[in-house]
Amino acid sequence: MSSEKRKQYPFDEIEPRWQARWENEKTFRTLNPGEAGFDASRPKFYALDMFPYPSGDGLHVGHPEGYTATDIISRFKRKAGFNVLHPMGWDAFGLPAEQYAIKTGQHPRTTTERNIKNFTEQLKRLGFCYDWDREVNTTDPGYFKWTQWIFLQLYNSWVNPATGKAQPISTYPGADADSVRLAYVADATVNWCPELGTVLANEEVVDGKSEVGGFPVERRPMRQWMLRITDYAERLISELDGVNWPEGIKALQRNWIGRSEGAEVSFAIAGAAEKITVFTTRPDTLFGATYMVLAPEHPLVAGITSAEQRAAVEAYQKESAAKSDLDRGVAKTKSGVFTGAHAVNPVNDAKIPVWIADYVMMGYGTGAIMAVPAHDERDFEFAKQFDLPILQVVQPSSADTDWQGFCGDGTAVHSGFLDGLPTAEAKKKIAAWLEEKGLGARRVNFKLRDWLFARQRYWGEPFPIVWENGKHRALPESELPVLPPDLADFKPTGTPEPPLAKAVDWVRYSDTATRELNTMPQWAGSCWYYLRYCDPKNAARFVGTEAEQYWMNVDLYVGGTEHAVLHLLYARFWHKVLFDLGHLTTGEPFQRLVNQGLILGEDGQKMSKSRGNVINPDAIVGEYGADSLRLFEMFMGPLEQVKPWSTKGVEGVHRFLARAWRLFMVEDQEGAWTLSPQLADVPPQKKQLKVLHETIKKVGEDCEALSFNTAIAQMMVCVNEFTGAEVRPVSALATFLHLLNPYAPHVSEELYERLRAKFPQLPEGLLSELPWPEFDAKNLVDDEVEIVIQVNGKVRDKVTVPNGTAAATLEPMALDREKVKEHIAGLTVRKVITVPGRLVNIVAN
RNA sequence: GCCGGCAUGGCGGAAUGGUAGACGCACCGGACUUAAAAUCCGUUGGGACCUAGUCCUGUGGGGGUUCGAGUCCCCCUGCCGGUACCA
C-alpha cells in the first residue's frame with residue numbers, strides 16, 4: 001500500500017522468520033535431569049510468570065510487561081550458562097469463561113480452547129523463549145487429575161499440633177478423623193452470590209460484592225467443603241521471613257492472616273451454667289471490664305436472654321442478620337441491646353451486664369468480648385452511647401494524656417494485684433494468674449478463616465468424593481481424573497444446588513453412592529502449576545522427584561499485586577502441605593517475587609474500555625514490531641513502578657533499533673538492505689572499546705538487578721558512540737548484538753546472521769545460544785580523568801590530570817588554580833579534602 | 001484510622017554520600033532535499049548580569065548530621081495502593 005508508512009527496518013519480515021525458526025528447531029527446549037543431553041554441570045534458573053487466564057479480550061499491554069522481564073532474564077541466564085526453566089500455561093477454569101459461555105450459548109471448553117489459541121499466537125508473536133513443550137492447561141484432564149490428587153492429599157491428612165505439620169490421617173489417634181482433615185465439610189455461614197449462583201471465598205468478596213462482576217453477596221448458612229488453612233496460619237506468617245519478596249506484599253499477607261497475641265478469659269454467667277469465653281489482646285485491663293458484648297448471632301444469646309429482653313433481642317438479631325458486613329461497617333453510631341443477663345468478672349466478682357451488638361462479629365475470636373470502655377475506642381463509644389460505666393485501669397505515661405479512651409501502653413491502676421505494673425508486665429502476670437486459676441489461657445488468634453473451597457458451578461474440577469449414607473469418602477487414586485459430565489445445560493440452578501446435579505447418570509456413582517456435586521474454585525489449578533512445569537508430562541506423579549528437586553524453588557516469580565493475598569497465600573499453603581507429607585523438598589515455592597507496576601493509559605488514568613485509553617499490543621507489534629514493544633515496556637521506567645503509556649516513547653525505542661540496524665545495514669535505491677561497506681574487521685578505537693566494555697558491564701549488572709530501563713539507556717549510549725564512526729569494527733558490533741539479544745531477540749539474531757555471512761570468523765550459531773560476553777576491566781579506565789575542584793562544596797573549576805594522580809599532587813594544583821584563588825581570597829584555608837580520581841574540596845572561611 | 005509505597009526539568013525517568021538531570025520524549029536551531037518525511041549534527045532546569053563568559057538558584061516543605069546530602073537521621077505536607085468496628 002502506498003499510504004503505508006515506510007518501515008525503518010524490515011521487522012515485519014525478520015520477526016516471523018525467527019519465531020518460526022525457534023519453534024521448528026525447539027531452540028528453547030529445556031531438558032530435565034535424566035534426559036539425553038542434559039548438562040548437570042550448569043547452574044539452574046527458574047523464571048516464572050503468573051500464567052494468564054485466557055480471556056476473550058486477548059492480551060493487554062500489562063501482560064508483556066512482566067513476561068518481557070522474565071524473558072530477558074531467562075535469555076540472559078541462558079547465555080550466561082544456566083539451565084533455564086521458563087514455561088507458560090493457562091489458568092483456564094473459572095467464572096468468566098462460564099459467564100461468557102452462558103451468555104453466548106457456547107460450551108466453555110469451546111470458548112476456552114479458542115481463547116488459548118489466540119493467546120498462544122499473541123505470545124508467540126512477541127518472541128518469548130518459552131519451552132512450549134511444557135505448556136500446562138488447568139482444564140486438561142491430564143492436569144486436573146493431579147489437582148484432584150492433591151485434594152485427596154489434603155483430605156487424607158491432618159496437622160499434628162505437636163509438630164505443626166501435616167501427616168497422614170491414618171496416624172490420627174482420635175476417633176473422629178473427619179473433624180481434623182485438612183479438607184473437611186462444615187456448616188458455615190458463607191458468602192452466597194445469587195447473581196453468580198455460587199458461594200465465594202472471603203478473599204473473593206470485596207466491599208460486600210463479588211470480586212468477579214461486582215454482584216451483591218449475602219451471608220447464608222450452607223454445608224461446604226473447607227480447607228483448614230488456619231492450621232498453617234503461624235507458618236504462613238513466620239516463613240515469610242525467609243523469602244525475598246517486596247515488603248508490601250509480605251505486609252499484606254501478614255495483615256490478612258492477622259496474627260494477634262492475647263488471652264482467652266472465661267466469664268461465668270450469673271444464674272446460669274454456661275460460660276462466656278472472650279479473646280482479648282489486653283488481658284491486663286480485665287479489672288476495667290464493665291460490660292460484655294456478644295455478637296448478635298452468638299449461640300449463647302438465646303439461652304441467656306431474660307424474658308423481659310427477649311423481644312428486643314430477637315428484633316435486634318433479625319435486624320443485624322439482614323445487614324451485610326458492609327452495612328455494619330459504615331454505621332455511624334454503635335447499636336446494641338441488653339440481654340438481661342449478667343456475667344461475673346473473675347478478678348473481682350463484679351456483676352457486669354451482657355449486651356449484644358453488631359460491632360462484635362462472630363467470625364473473629366470467640367464472637368464475644370469483654371468491654372473495657374476506658375481503654376478501647378469502640379467500647380468507649382458504645383459505653384457513652386448507652387451510658388455504661390467507664391473505669392480507668394491504665395495510667396498513660398505522659399501526664400497530659402487523657403486516660404479516657406487511651407489505648408496505648410501505660411501503668412496498671414485500680415487493678416488489684418496488677419497495680420503499678422507496666423502494661424507488658426501486667427499482661428504476663430494476669431495471664432499466669434488466669435492459667436493458674438483455670439479461668440483462661442494465653443492465646444494467639446488469627447483473622448484468617450478456613451478456606452471455603454466449593455463452588456456451585458460447572459466449569460471447574462469435580463471433587464474426587466462420593467457420598468454414601470450421608471457420609472463422604474474419597475475415590476481411589478485409580479479413578480482419577482474424575483471428568484465433569486458432558487452437560488448441554490450448565491447454567492447455575494439459581495439455588496444452592498450445583499448444576500452438576502442435572503447430570504443424573506453421572507451423579508449416580510453406585511446403587512448406594514452419589515458423587516459430590518460441587519466443583520473446586522479457580523484457585524485450585526493455580527496452586528501448583530509451577531510444580532507441574534518441572535515435569536509436565538509425568539503420568540505417574542504430579543511432579544517427578546528428580547525434576548522437582550532440580551528445579552525448585554522458583555528463582556524469580558513476576559506478576560501483578562492483585563494476587564498478593566489470594567493465589568500467593570493459597571499456593572504457599574498447598575506447597576507446605578505437600579512438603580510436610582514428603583512430596584516436595586522445599587517449604588516455600590517462590591524464592592523471589594517481583595510485582596510489575598501497572599501500565600496506565602496515555603492520559604495517566606487506569607486503562608479501561610470506558611475511558612477509551614486501552615492500548616492493544618497487537619497494534620503496536622503491527623506498526624513497530626515485537627522488539628520495539630518489548631524494548632519500550634522495559635524502557636518506560638523501573639519494572640515495579642506504575643507508569644503511563646507513551647506511543648511517542650515506542651517510536652523512540654523503535655528509532656533506536658533502526659539506528660542499531662543501520663550500524664550494520666544500508667538501503668540501496670531499490671529499498672533493499674545490504675551489509676554496510678563501513679563494517680571492517682579492524683580493532684575498535686580506545687574510546688569505542690571503553691564504551692563497549694562499559695556497556696557489557698552495565699547491561700549484565702542491570703539484567704541481574706532487573707533494572708532494564710538503565711540497561712537499555714546504556715545500549716543507546718553504545719549505539720550513539722558507533723553511529724558517528726567512519727569505520728565500524730565488526731568484533732565490537734558483534735559483541736553489542738549479544739547484549740541486545742535478550743531485549744530485542746529478533747533484530748539481534750538477524751543482524752548477527754547477516755554479519756557472519758560476510759565475517760565467518762565470528763562464532764557460529766544462534767545468538768541466543770552463544771555465551772554472554774565478558775568485560776575487561778582494563779578497558780574501562782581512562783588515561784586521563786577530570787577532577788572537580790570545589791571551594792566549600794561548590795564546583796569552581798575542573799582540571800584534567802593523568803589517571804592515578806596522587807592527592808599530594810592534586811592539592812597544590814587545585815590551590816594554584818586562578819578560579820580557586822579568586823574564591824578563597826581573603827579566607828583562610830582550613831582543610832582540603834581530596835578524593836583521588838574525583839575531586840578536591842577546599843574548605844576555607 | 002492503620003499498613004505499604006512514592007515525591008527530581010514541559011514529560012517518562014537517571015544518579016556506590018562526591019560535577020543533579022544519564023537515556024528517551026517534546027521543543028528549538030542547523031545539515032541534506034525543489035520541498036516534505038526520514039536521517040545526521042547541535043541547543044534546551046530556572047534566573048541575573050558586564051552574555052566567547054561569570055554568578056545566583058534548584059531534587060514536595062522545615063530542621064539536623066557531614067568538608068560535601070536527591071541520597072543518611074528527625075518532623076511536616078501531598079499523592080498512589082491496600083485494609084478497616086479484628087477485640
Side-chain angles (χ1 to χ4, degrees), chain A residues 5-6 8 206-207 246-252 254-256 258-260 262 278-282 285 293 295 325-326 328-331 334 357-361 363-372 376-379 381-382 407 445-448 561-562 564-565 595 597-598 600 604 631-632 635-638 640-653 655-656 658-659 662 667 698 707 709-717 719-720 723-724 786-798 819 822 830-835 837-845:
Chain A
K5 214 159 102 186
R6 194 180 133 277
Q8 292 217 12
V206 180
D207 291 340
E247 261 326 299
I249 300 293
K250 286 191 184 185
L252 239 43
R254 287 197 192 101
N255 186 46
W256 187 265
R259 182 183 195 276
S260 51
V278 303
F279 172 75
T280 176
T281 54
R282 294 295 301 269
T285 62
V293 185
D325 283 357
L326 184 64
R328 284 191 182 194
V330 296
K334 296 267 182 291
D358 65 7
Y359 82 91
V360 173
M361 277 159 305
Y364 183 77
T366 61
I369 61 158
M370 62 176 209
V372 184
D376 180 281
E377 213 179 308
R378 296 146 301 173
D379 297 344
E381 203 184 313
F382 191 84
C407 305
N445 194 55
F446 295 95
K447 270 201 283 187
L448 186 69
T561 340
E562 66 274 18
V565 284
N595 291 121
L598 197 66
L600 304 173
L631 212 57
F632 171 66
F635 187 62
M636 292 167 85
E640 302 189 54
Q641 194 167 300
V642 177
K643 43 212 176 275
W645 181 266
S646 159
T647 299
K648 284 287 184 194
V650 183
E651 286 173 13
V653 292
R655 270 200 289 271
F656 158 68
R659 217 158 49 236
R662 286 193 310 268
E667 194 174 20
K698 178 116 182 92
S707 301
N709 56 331
T710 49
I712 294 166
Q714 181 62 39
M715 286 192 273
M716 288 172 169
V717 170
V719 165
N720 291 346
T723 294
E786 191 184 52
I787 303 290
V788 168
I789 300 171
Q790 298 179 333
V791 176
N792 291 330
K794 285 186 179 168
V795 180
R796 295 302 180 190
D797 201 2
K798 293 166 190 178
K819 286 179 190 156
E822 283 170 30
R830 302 288 174 191
K831 203 170 174 185
V832 180
I833 312 275
T834 305
V835 182
R838 241 181 226 288
L839 61 79
V840 178
N841 187 15
I842 295 153
V843 185
N845 59 15

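Both backbone and side-chain heavy atoms feed into the values below; hydrogens, waters and symmetry mates do not. Order of the sequence lines fixes the chain letters, A, B, ..., with proteins taken first and strands second; residue numbering starts at 1 for each chain.
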Verify the contact: side-chain N or O of [X] to OP1 or OP2 of [N], cut-off strictly under 4.0 Å; return yes or no.
X: A/Ser260; N: B/A87; answer: yes
X: A/Arg838; N: B/U16; answer: no
X: A/Arg796; N: B/C56; answer: yes
X: A/Asn720; N: B/G24; answer: yes

Distance in angstrom units between [X] [atom1] and [N] [atom2], rounded:
X: A/Asp376; N: B/A84; atom1: CG; atom2: C1'; result: 14 Å
X: A/Ile712; N: B/C25; atom1: CD1; atom2: C1'; result: 15 Å
X: A/Lys250; N: B/G82; atom1: NZ; atom2: C1'; result: 18 Å
X: A/Glu651; N: B/A26; atom1: CD; atom2: P; result: 7 Å
X: A/Gln790; N: B/G18; atom1: CD; atom2: P; result: 11 Å
X: A/Asn792; N: B/A69; atom1: CG; atom2: C1'; result: 16 Å
X: A/Glu822; N: B/U54; atom1: CD; atom2: C1'; result: 9 Å
X: A/Asn841; N: B/G68; atom1: CG; atom2: P; result: 8 Å

Can you tell me how far [atom1] in [N] sits from the matching atom in [M], rounded to whole Å?
N: B/G1; M: B/C76; atom1: P; value: 12 Å
N: B/C28; M: B/G46; atom1: P; value: 15 Å
N: B/G60; M: B/C56; atom1: C1'; value: 22 Å
N: B/U77; M: B/G29; atom1: C1'; value: 42 Å
N: B/G13; M: B/G62; atom1: C1'; value: 27 Å
N: B/C41; M: B/G45; atom1: C1'; value: 23 Å
N: B/G42; M: B/G24; atom1: P; value: 11 Å
N: B/C11; M: B/U16; atom1: P; value: 23 Å

Sugar-phosphate only, base, or nothing, as touched by [X] at under 4.0 Å among non-hydrogen atoms:
X: A/Leu252; answer: sugar-phosphate
X: A/Lys447; answer: base
X: A/Val788; answer: base
X: A/Gly258; answer: nothing
X: A/Glu640; answer: nothing
X: A/Asp379; answer: nothing
X: A/Thr366; answer: nothing
X: A/Arg659; answer: sugar-phosphate
X: A/Ser646; answer: nothing
X: A/Lys798; answer: base
X: A/Arg655; answer: sugar-phosphate
X: A/Lys819; answer: sugar-phosphate

Could you tell me which nucleotide pairs with [N] by Watson-Crick or G-U wobble geometry, both distances under 3.5 Å, or answer none if nothing does?
N: B/A7; value: B/U77
N: B/G29; value: B/C41
N: B/U54; value: B/A48
N: B/G1; value: B/U83

Any sub-3.5 Å donor-acceptor pair from [X]'s side-chain atoms to [Y]'s backbone N or O?
X: A/Lys643; Y: A/Pro638; result: yes
X: A/Asn792; Y: A/Ala844; result: yes
X: A/Lys648; Y: A/Ser646; result: no
X: A/Arg282; Y: A/Cys407; result: yes

| remark: Per-nt protein contacts along nucleotides 5-13 of chain B (heavy atom under 4.0 Å; B base, S backbone sugar-phosphate only, - none) come out as -------BS
| message | Determine whether a donor-acceptor pair (one donor, one acceptor, N or O, separation below 3.5 Å) exists between the side chain of A/Glu786 and the base of B/U19. | response | yes
| message | Does A/Ile833 form a side chain to side chain contact (heavy atoms under 4.5 Å, CB included) with A/Gln790? I'd like the steps, not just the answer. | response | CA-CA 9 Å; A/Ile833 312 275; A/Gln790 298 179 333; over 6 Å; no
| message | Do A/Asn841 and A/Lys831 make a side-chain contact, defined as non-hydrogen atoms from C-beta onward lying under 4.5 Å apart? | response |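 Contact flag for A/Asn841/A/Lys831 side chains = no.
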| query | Does CD in A/Gln641 sit with more than 12 non-hydrogen atoms of other residues, nucleotides or ligands closer than 6.0 Å? | reply | yes
| request: Applying side chain to side chain donor-acceptor pair (under 3.5 Å), name anything that partners A/Lys447, two or more places apart in sequence or on another chain. | output: none
| Nearest-0.5 Å distance that lies between atom CD1 in A/Ile842 and atom OG1 in A/Thr834 | 8.0 Å
| request: Give me the ring orientation class for A/Phe632 and A/Trp645: parallel if the planes are under 30° apart, tilted from 30 to 60°, perpendicular past 60°. | output: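 Ring orientation, 0 to 90° scale: perpendicular.
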